[in-house]
Each structure stands twice: as structure tokens, then as C-alpha cells.
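What follows is one structure encoded as C-alpha cells, with my remarks underneath.
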Amino acid sequence: MQHIRNFCIIAHIDHGKSTLADRLLEFTKTVTHREMQAQLLDDMDLERERGITIKSHAIQMDMKLGGKDYVLNLIDTPGHVDFSYEVSRSIAACEGALLIVDAAQGIQAQTISNLYLALENNLTIIPVLNKIDLPGAMIEEVSDQIVDLLGCERDEIIHASGKTGFGVDNILQAIVDRVPAPTGDPKAPLKALVFDSVFNSFRGIIAYFRIYDGIIKKGEKVKFMATEKEYFADEIGILKLEKEAKSEISAGDVGYIISGIKEAREVKVGDTLTSFENPCAESIQGFEDVKPMVFAGIYPVDTEDFEELREAMYKLQLNDASLTFEPESSAALGFGFRCGFLGMLHMEIIQERLEREFGMTVITTVPNVSYHAYLNNGDMVIVNNPSDLPDPGKMAKVEEPFINAQIITKSEYIGPIMSLCLGKRGILKNQNYLTSDRVEIIFDLPLAEVVFDFFDKLKTVSRGYASFDYHPIGYVESYMVKLDILLNKDIVDALSAVIHRDRAYDWGKKICEKLKELIPQHQFEIPIQASIGAKVIARETIKALRKDVTAKCYGGDISRKRKLLEKQKEGKKRMKQVGSVEIPQSAFMAVLKLD
Amino acid sequence: MESEFVVALKKEISARKNETAKVETIYFGGGTPSIINPKHIQDILTLIYAEYTVVDDAEITLEANPDDLTTEHLQAFYDAGINRLSIGIQSFDDEYLKWMNRSHTAEEALTVIDRATQIGFKDFSIDLIYGIPGMDEKQWQQQLKTSASLQVNHLSCYCLTVEPKTPLDKFIKKKIYTNTDDDMQSKHFKLLMEMAPTLGFEQYEISNFARNQHYSKHNTAYWEYKPYIGFGPSAHSFDGITRRNHASSLIAYIQDPIALIEEALTEEERFNEYILIGLRTSKGVNIEAMKNKFSETIYTHFEKELSEHENKEHIYIQDGFLRLSDGGKMYADSVASAFFLV
């Protein structure tokens, strides 16, 4: 066990985590240069396009140092706040962490929150100042920030460049020297932490684990303690560039197990893997059932594609257990699914995957968080869909989820960020100067206000110099109302939203204006109304199309006009007919970008 | 440039002489052919008669601006064999002529027909534009009455259309000009359809009106989906299946007048066009003829669309023809595209 080092990388998006990881793999000859694809660890197309690691992975490196052979397990972590639970489990599987900070950008909020997680888990932190070759690198200043934050010595900070490979040797040396070898008892009953799982269409679920105690043997019967499911370890092994099957894996090491599990939801990240014959007494602490934070309806544009959509959702769930869905119906959209997502990014990814991987054309309804409505008789109703909000007369109160947000920015942006947070019904909790011009601002905010466009707005008002992280802090009573949108006098339930009373007028007005822009003229006038109960609070009108006829249609005009009309008709296929009104797909999403 | 163009045009006319057995109509149009030296018109016609079989009573039309039609030129065009004039009058009101950047005046518009009649021309068509910002119904009514008082047997009335990326479009976007008003334009169109019969004009196509059955034979051929040959830049040709056209560049045309861009239409596309133009005519779409012209799949699609059509009041079937009602004519494009196969 003395030769094993388990470590992860903590970094803000764009601070060069993946590139640096690639250099480590190259240096240790885990991959040859020829095998190297840029940013090897991000192997989903979507991940590479978005420049973020959505799902974590692990890889094992072999290294000789001072005449000794070492095994280094790099456990990669996702870099978005939507996936913070997965990050916490990856961290829990390690003894050390590389804290990578971009020398040109300094410490960011997400770096700090993950760093806190790492410190809570007693990880040894190795600070790495990355991208020192950039012209804008502020080596002294950012080093100060790191020293302030960690209370480390300046000379503990390793200078590196993922781009040139500079400093990679020092990083590897530090991992061996500074990160403690794992401790654990190979003779004790098997106790392993599941920190990730992936879906393979040929082999089913592959679960990644870190063994704390005991040994796992190929073929033995194992048990997942939280799900209480039992399987045979058909194949176990370690993770090199390719999977490498082994007959046994011992305490301290990282590996994978394939046991004929068909669905991602049967394996939960954070669960404890143990032996069926000789189980460990207690499971590893910190397991949580990941709860979706954002809910939205997903509907096929063509109602006939419902079964196809169900099939696609089911397949997505096979490799993404954090996606939840249940059938629902909408008067406007027909049959679809109410889906739960970890966050807005997760929602966008799911929508994109449905379109790209399954060729589905879908409509996503206004996303909402989960509300708690208390009826007069004291019963609590969970509201994941605006249409589930009970009648105001029957309701004693509504509670909405709040989060505690940590924002780190330059002092010059405090003003606009404060106004942004206050405008989102935020409550200022604290404000700390980390250095003379870097400030940490702590707000309590309603989750509903954060999930929409908060992050984009934050980036805008701070010109990108603000980072943001949050965690849920429970439910708070709020004056929430259901805002309905009526098109041609009919409620379009897919456009309904649960919204704070004070924001309803503004929202109603904006959504009416936006819909007027996006819905094409029809041969009749279409009133657009926003209402709370029977009370209309905003109104716009789409004028009737009085004529639709080409003036000149001779020779060449004929094919020009035919092509134009064919194109229009093609576009109509992507519209949803609700009552007598045809609504473009974009209108349902437009509510996300109202101002 | 003019003579180089004519040389190229003649080259093309000769080169394509085998594309048709007989010529029933000849049309000089697209832009303002009236500015060309009448001698060239004469040359071109002589060449066509030499290379092609032209029927005896061929309709030979020249599109012309009123101010190009001096007595001298009219005589030359008449002598060359032009027997029908399509005159771009556009308006009998100087205010709107100016707005449309026309070089002629209302006075010239009024006198040109008399001049041409004296020379011997009998067939006239005039173009009018309605729905211009600021034009009210009364003014439009007056324009129509003025047209009817002239010795013209054909009227083309076009609603002002703002095409994207044109100067007009830019002026409107910059708010230099008022935008067109959909409501007002539809009222003008309605007024036109109501008034035309009272003035002796029959609406035989959405934008075309004829007195005493003086239909444009040439344009009717387009709408009956008959073959045609187009010479010159941007001109389109159609043989019933394939559409061919020249690039719009005059210089490119002069360099190679035979170069054609070909577009073979699929059966679906032909069906779409057939419906599009058929519905625009008062005669309508010949359902029986369509059955023979298109495959069973397409005909089945047509029947299905017909039975499911959303606005039943926009269409009707009479004597085996599918036609637009007056209300349907307002939405001719939507009605047609509802039948489209895409």
C-alpha cells in the first residue's frame, strides 16, 4: 500500500485541469503521444465542446522514482456546480489534491468550495500555479492569494504550464513525497467507496471504486449497501487508458467492477461496496441520494413520438442516474415527461443529447424548482409542476428552496453584483476581503432565482471576474403565485410558472412581449394574456395576418416562391399547435432569457 | 455594352433553336427592354423568325416605360412586329411616381396609350401598384377608374411588396419611409377584386385582369405549366421537368450566353408549383388533369390535404377544378403551401 498515491485535481473551469492531466499521463507514459487526443479525459463530444468535464473518470499511472515503483491514481472531478455531489465523492476517495490555479485569473469561488471539501476530508493539498507562461500571469499576486488561503509556504507552490509541460516532473515528485499513502486493512472485510459509474452499451454499468479495507476478488459475490443489491463481480480491474482486468484488487487501490448491472440507477455514487459473505460493519459516511434541483416538462413536438421519447429518456437514464422522469400530460402539449435535473446545465445537456443522440425534436417547458405547499389541513404537497400548485384558497403557505451562495470577485464589481443579488430577492449574509481587491460575498438566495440566468448575468455584470458556488440551505416561506399564460383565451399550461408575487407583473409583461415577438401572425388576432387566477395582469395582441399572397408569379418567380414556401412549411413542422395557435419551439425556451 | 449584349443574346437564340417545335408567344420583359435601340428588337425578332417556327397569330409583347415610348420609338417597335405593349405606368399620381423613383410623370402615363393607338397598337396592358404607404382607398379607387377610362384591355395590379435587402427595405428599417400597412393593403386588394368586374375587368389571376378575354397568352402559359425558353441574364427556361436559368450577371452572360444553371424538379416540387400557380388562376387546378400528371402517392396526398384543409371557406371545387374563394385569394400562399409536400 506504501507505493499507492490517490489524488484528484481541484480547479476552476478553464484553469487548465484537463490539459495538465494530459501532461501527467504523457510524462508517466500512461499514454503515448500518438494516443493522445487533446484533453483525453473528456471523452464525450458534448464535454469537449463545452470545455467542461461532466462525468468524472479515473486513470492509473505507473512511475519509478528513487528506485521505487509507484502507482498513482488520478481521480478526475466534474467542474460544474450542478455536479457538486459527485465532486465530493471523488474527493472522499483520495488522500491528496492538486489545487490548480490559473496564474492569470487567481482563485475562484468554485476552487475554494472544492478546496474546503478537500480539507474537510483531510486531503493533502499541493498548490500548483498553472499557465505561468501566459503573458498575463500574475505570479506574485496569485501566489499571495494561495498562501493566504492555504497558510502554506511560498516554496510549496509548484509553477507549471499544461501547455508546455513545464513543472510536470515537480508535480509528480510532490505527489509521491507529500501525499500520504493510503491506510487501511487488507485483512478486514471489503469496504470500498463507489465514486463514479459509467454506462457501456455492451457491458452495462461499470462502477469505479476506491477500496478502504479488504480485498475484492474476481467472481466473488458483492453487495452495494445503500441499494441493498447483490451481484457477482464478473470482472474487476484497474483503469489504465484501457480497462485492465485483474483477479484481485487490494485496500488502498482504485478499480472498476462490471457485474451485469443494466441501469445506472442501480449503482449510486457514494454507496459502499462490500462482500456478501463477509460484509463490513458500517458503510462509508457521506452517502446521499442525489436530488434533482430543477424540474421541467419535456414533450415531443410531434405527439406521435411520445413512445420514442420514452425510449430515449430511458436510455439516457441508463448512463445518467441523476436524471429523473415520470410521465405527465399537458393540455397544451399532450403527453410528455416531468423531468428532474441537477441544474440548468444538466437540463441543457439532456435536451441536447435527446436531439443529437436520438434525433428527437422536443419542447422543454418553463423550468421550476420544487416547492412545498402546505394545505389548510396541514398536509404538505410537493410541487414540481406549476399545475400541481394547490388552489390559493386551500393553501396555508408555500415554501421555496433557498441556497447559500458564495461569490468571489474583484472589489470594483461589488456594486453591480449586490444589485443583481438583491434584485433576485437575495439576502446579504457576509462580505470578506480575501486580499485587498478580492472580495467574497455571501448571499442567501431563492434557488428559483438562481437556476434561470443568474450565472450568465453574474458573468455580465462582473465582466467575467466573478465566480460562484452554492449549496442548498432548506425551505423558506414565500409569497408564491401561479402565473398563467393565455393564448387566444386558452391557458397554455406549458408556459405557466410559479413565481414570487412581487415579480409576477414584471415577468408577465416581459413574457407577453416576448411571445408577441416569437409567435408568427395567424389569420386571426391572438390575444396574449398573463394572469394570476382570474386576474389578467399583462396583455399583448398579435395582429391578424390580413393577407398572404405573392404579387408577381411568373417564370423564375415560381421556383423562388415555391422554395420560400417549402422552407416555411418545413419550419412549421417544428411548431407546436396549441388550440388554434402554432407556437414555435423557441417560444417555450424564450422564457429563460427574458431580459 | 448594348451591342455586345445583343450579340450574346443572338448567339443564345440560335444555339437553342432545337429546344422547341413552335413558338406561340414572345415576350420582351424583365427590367426595361424599352430602353434598347428598337433596331435591336427588330434584329432579334428577325432572328427568332429565322431560327424558330413562329405561329401566325403569335402574341409579341414588349414591356415598356411610358417615357421610353416616343412616337418614333413606338413606330419602330410596331414595324419590328411588336403587337402588344405592357406599360409600366405604376400610378397616375405624380406623388407616388416620385416615391417609387419613376422617371415618368402622370401626364406621360395618360398620353402614351393614345400615341400608341394612333400608330396602330391594339393590345395594351398596364401595371399599377397599390398598398403604397399613405395611399388611401379613395385614391386607389381613382387609379382604377382612370385605368378603365383608357383603351386598355389588360391590367396587372401588384401590391407593393418590400423585398428583403432592397433599398426600400433599408429605408423602412431606418424609418426614413413608413412601413407598408398589411391592413390597408388587404383593403386595397379587396377593393380591387370588387371594382374590377364593374369596370369590365375579369380577374383571371391573382394580380391580372382582362377585358373581353384579352388574357396575356404568354403569362397564361406559365400558369398552365407549359414549357418556355428564356434568353438573357436571369432568364428562366422550363421544359416541364427541368428548370434552367442564367446567372444574373450581364458580364458573365456576355462571356458565355449558353451557360445555364440546371435544376431538375422532383415530382413533389413540380406538384408544389402546380398547386401554387394553379390556385392563383380563376380557372383553378384541374383535378382530373392532376390525377394523370402525378403519381398515385401524390394524388392521394392531395386528396387527403383537400379533405383536411383548415380553412374550408378559402377553397371550393367547381366543374372539377379546385379554386380559391375571394377570401382565399387573400391568403393564396398559405392555402397553396398547406397542400405542399415537403
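Below, chains carry the letters A, B, ... as their sequence lines are ordered, and counting in each starts from 1. Below, all heavy atoms of this structure are taken into account, side chains as well, without hydrogens, waters or symmetry copies.
Proximity to chain B (any heavy atom under 4.5 Å) is shown, for A/K567, by neither the backbone nor the side chain. For B/F238, no part lies under 4.5 angstrom from a heavy atom of chain A. Both the backbone and the side chain of A/Q523 have a heavy atom closer than 4.5 Å to some heavy atom of chain B. For chain B, the nearby part of A/K563 is the side chain; its heavy atoms alone come within less than 4.5 Å. When heavy atoms are compared at a cutoff of 4.5 Å, B/H246 does not approach chain A at all. Within the 4.5 angstrom heavy-atom criterion, no atom of B/K187 approaches chain A. Only the side chain of B/T161 comes within less than 4.5 Å of a heavy atom in chain A; its backbone stays farther off. In this structure, no portion of B/N245 lies under 4.5 Å from any heavy atom of chain A.
Salt-bridge formation is not detected for the pair B/D182/A/R546: no Lys NZ or Arg NE/NH1/NH2 atom is positioned less than 4.0 Å from an Asp or Glu carboxylate oxygen.
Proximity of a side-chain donor or acceptor of A/D548 to a complementary backbone N or O of B/S334 within less than 3.5 Å is detected. A donor-acceptor distance shorter than 3.5 angstrom exists from the side chain of A/K569 to the backbone of B/S337, with no hydrogens or angles considered.
For residues 262-270 of chain B, the interface with chain A (any heavy-atom pair closer than 4.5 Å) comprises B/E263, B/L265, B/E269, sorted by residue number.
Annotation: salt bridge (charged side-chain N to carboxylate O under 4.0 Å, His left out) contacts involving residues 331-342 of chain B, sequence neighbours excluded, comprise A/K561-B/D333.
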